[in-house]
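Note sheet for the following structure.
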2 protein chains.
Amino acid sequence: MARRKISHEPVSCFACQNRQRSEWCVLTENELSRFDKAKSIRHYKPGEFIYHEGDACQGIHCLEDGLVALRKYNVDGQSTLLGLANPGRTLGYRSLLSGSPHVTSAEVIKPSRVCFIDRAVIRELLDHNPALGYQFLRRASKDLGRAAVLYHQGQTLSVRDRFIHLLLVLRGKYGALDKAGALTIELPLSRQDLAALIGTRPETLARTIRQLEDDGEAHFEGRLIHIAEPETLFAGLGLES
Amino acid sequence: MARRKISHEPVSCFACQNRQRSEWCVLTENELSRFDKAKSIRHYKPGEFIYHEGDACQGIHCLEDGLVALRKYNVDGQSTLLGLANPGRTLGYRSLLSGSPHVTSAEVIKPSRVCFIDRAVIRELLDHNPALGYQFLRRASKDLGRAAVLYHQGQTLSVRDRFIHLLLVLRGKYGALDKAGALTIELPLSRQDLAALIGTRPETLARTIRQLEDDGEAHFEGRLIHIAEPETLFAGLGLES
DNA sequence: CGCCAGGTTGATTTCGCTCAAGCAATGTGG
DNA sequence: CCACATTGCTTGAGCGAAATCAACCTGGCG
């Protein structure tokens, strides 16, 4: 599959494809220039951490390209995946704005290019341009809604249903329909991470996958999933936006 | 205990005790006056709803006095309690700011006095006074952190540990230490709601309580809990801010 | 009084976790 | 190139925590 190479050329914020779809779309030319000068770019390999749970927040990270997992560890080393970050996503804003340490660790899943901007610069921009704060406010509000739904699902749904729901979500970014209406999803994650994402263990997920195969609901090979009748599979869930 | 009567006298926002500790502390005199004129006060009895999950957001509610539960229902009518709101708390800001429907229902637990302010007025104030947006931003960031911790705990802790953790939280608002260092908590909730708050069923909670009694960790009578050695009980948890 | 909701307790079941083993793919060093 | 470790995934067996189902008790209230 399209294992696209990540360019190591430094990209100006002005040219950044993600900017329009991110919180930074409200910055003026001047502000963007300030932002651009202050940023530093770094490349991460899978398994590396951008920041760790408990760290004080130094600033904000923008994921330009790649994939990052937001993970939280147990005392026993057991981990839960709180979410995934795709290109364009701003990381660490929660910690910066609340003034408390990071509650999750940001672990790189696919090779990633990440920009870092110091907290002082962000504060300056926030003080200067209220629209930026408003962007983050909308962003935080949406995240908060997602968190509530996630929590509730974790409490009330079975592993099977949580997994199906996860596929529903991943379909958006990683799914493709063929002409017959069948769905193919290329998972960006290992089984372990899929399990962590729905708060279960790899063994249980393997069994759940087995069950879906046996029921004829879906076909799994490696990180590819084929679902002949997606609508049927996704029907049994409380529909969500 | 202090079953204090709630006054039905309309209170000016200028005189509101909660204002200093809320997001509204940054309003100017003029703005506060605008706010005060726009507000309407309503009294709710236990069991009444301030808004329902799925409703579009009409505006913001301020809880002046009383207690409100943020609840989310399952398809089967099973509910989870996402959190409690104490006096001074602003309700519904998430929905307003994200522009999406309420994700939870706000159900009154104790008789409550609630102010309502139309969304248009809030927007006006937000446009006018960036500091207000910043207040909500901090608030949302903190809520988001709490949500992450809550989710993770729900996934990894046993019912017993989640319950003890809940007591730790409730201690802050509803606990009192005597001279011997023993802790008494007066729970503001029914057993059912306590169960919903930690994502379990009433039967399981009853058994957990029984177990804590048998272990001599705590003594329960009705909504009163006596804990002789709070430090011992709370010791076995990963400490959280 | 009877009714009912909330709470407790008991019996049983089930879902998911733990522990353990096996297997395939990948890497590594001699 | 082979022996070997390593890592990720799957499967099996057994166990345990919590859910479910059901009965019963209690206190409040019409």
Side-chain angles (χ1 to χ4, degrees), chain A residues 3 45-47 69 71 74-81 107 109-110 152-166 187-215 218-225 236, chain B residues 3 45-47 69 71 74-81 107 109-110 152-166 187-215 218-225 236:
Chain A
R3 181 148 294 294
K45 288 192 285 290
R71 211 185 282 273
N74 212 0
V75 268
D76 332 323
Q78 186 185 142
S79 79
T80 305
L81 254 178
E107 181 185 339
I109 301 282
K110 289 182 180 175
H152 185 244
Q153 287 182 350
Q155 297 289 4
T156 59
L157 298 185
S158 66
V159 167
R160 188 179 202 263
D161 284 353
R162 274 182 277 159
F163 183 55
I164 294 175
H165 191 95
L166 175 62
L187 299 172
L189 298 171
S190 68
R191 301 287 148 125
Q192 303 196 50
D193 283 343
L194 287 175
L197 207 41
I198 57 174
T200 188
R201 333 244 76 226
E203 299 96 316
T204 303
L205 180 62
R207 281 182 247 274
T208 305
I209 286 176
R210 192 89 203 334
Q211 197 195 343
L212 288 174
E213 286 263 5
D214 292 349
D215 294 353
H219 178 62
F220 295 78
E221 48 183 302
R223 292 190 174 190
L224 283 181
I225 310 180
Chain B
R3 179 149 297 290
K45 289 192 285 290
R71 210 186 281 275
N74 213 359
V75 269
D76 332 323
Q78 186 184 143
S79 80
T80 306
L81 255 178
E107 182 185 339
I109 301 282
K110 289 182 181 173
H152 186 243
Q153 286 183 351
Q155 298 289 2
T156 59
L157 298 185
S158 66
V159 166
R160 187 178 201 265
D161 285 351
R162 273 181 278 158
F163 183 55
I164 294 175
H165 191 94
L166 175 62
L187 299 172
L189 297 171
S190 67
R191 302 285 148 125
Q192 302 196 54
D193 283 343
L194 286 175
L197 207 42
I198 57 174
T200 186
R201 333 244 75 228
E203 299 97 314
T204 304
L205 180 62
R207 280 182 247 275
T208 305
I209 286 177
R210 192 92 206 331
Q211 197 195 343
L212 288 173
E213 286 263 6
D214 292 349
D215 294 354
H219 178 62
F220 296 78
E221 50 182 301
R223 291 189 174 190
L224 283 181
I225 309 181

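Order of the sequence lines fixes the chain letters, A, B, ..., with proteins taken first and strands second; residue numbering starts at 1 for each chain.
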When we call it a touch if two heavy atoms are under 4.0 Å apart, what does B:Arg207 touch: a base, just sugar-phosphate, or nothing?
base
So A:Gln192, base contact, sugar-phosphate only, or nothing? Heavy-atom distance under 4.0 Å.
sugar-phosphate
Side chain of B:Thr204, backbone of B:Thr200: donor and acceptor closer than 3.5 Å?
no
So, does B:Arg162 use its side chain to make a donor-acceptor pair with the main chain of B:Ile198 at under 3.5 Å?
yes
When the distance from [atom1] of [X] to [atom2] of [N] is rounded to whole Å, what number comes out?
X	N	atom1	atom2	value
B:Leu189	C:dG6	CG	C1'	14 Å
A:Asp161	C:dG16	CG	C1'	14 Å
A:Glu203	D:dG12	CD	P	14 Å
A:Phe163	C:dC15	CZ	C1'	17 Å
B:Ile209	C:dT8	CD1	P	6 Å
B:Arg201	D:dA22	CZ	P	15 Å
A:Glu221	D:dT10	CD	C1'	16 Å
A:Arg162	C:dG16	CZ	P	7 Å

Considering just the side-chain nitrogens and oxygens of B:Thr204, establish if one lies under 4.0 Å of OP1 or OP2 belonging to D:dA19.
yes
When you check the phosphate oxygens OP1 and OP2 of D:dT10, does a side-chain N or O of A:Arg210 lie under 4.0 Å from one of them?
no
Closest contact, heavy atoms only, A:Ile109 versus A:Pro46:
O-CB, 3.2 Å
Less than 4.5 Å apart, any side-chain heavy atom of B:Thr80 and any of B:Arg71?
no
Nucleotide of C:dG7, D:dA22, D:dC9 approaching A:Arg191 most closely (side-chain heavy atoms)
D:dC9
So which nucleotide from C:dG16, D:dC21, D:dT11 ends up closest to the side chain of A:Thr200?
C:dG16
Salt bridge B:Arg160-B:Asp215, side-chain N to carboxylate O under 4.0 Å
yes
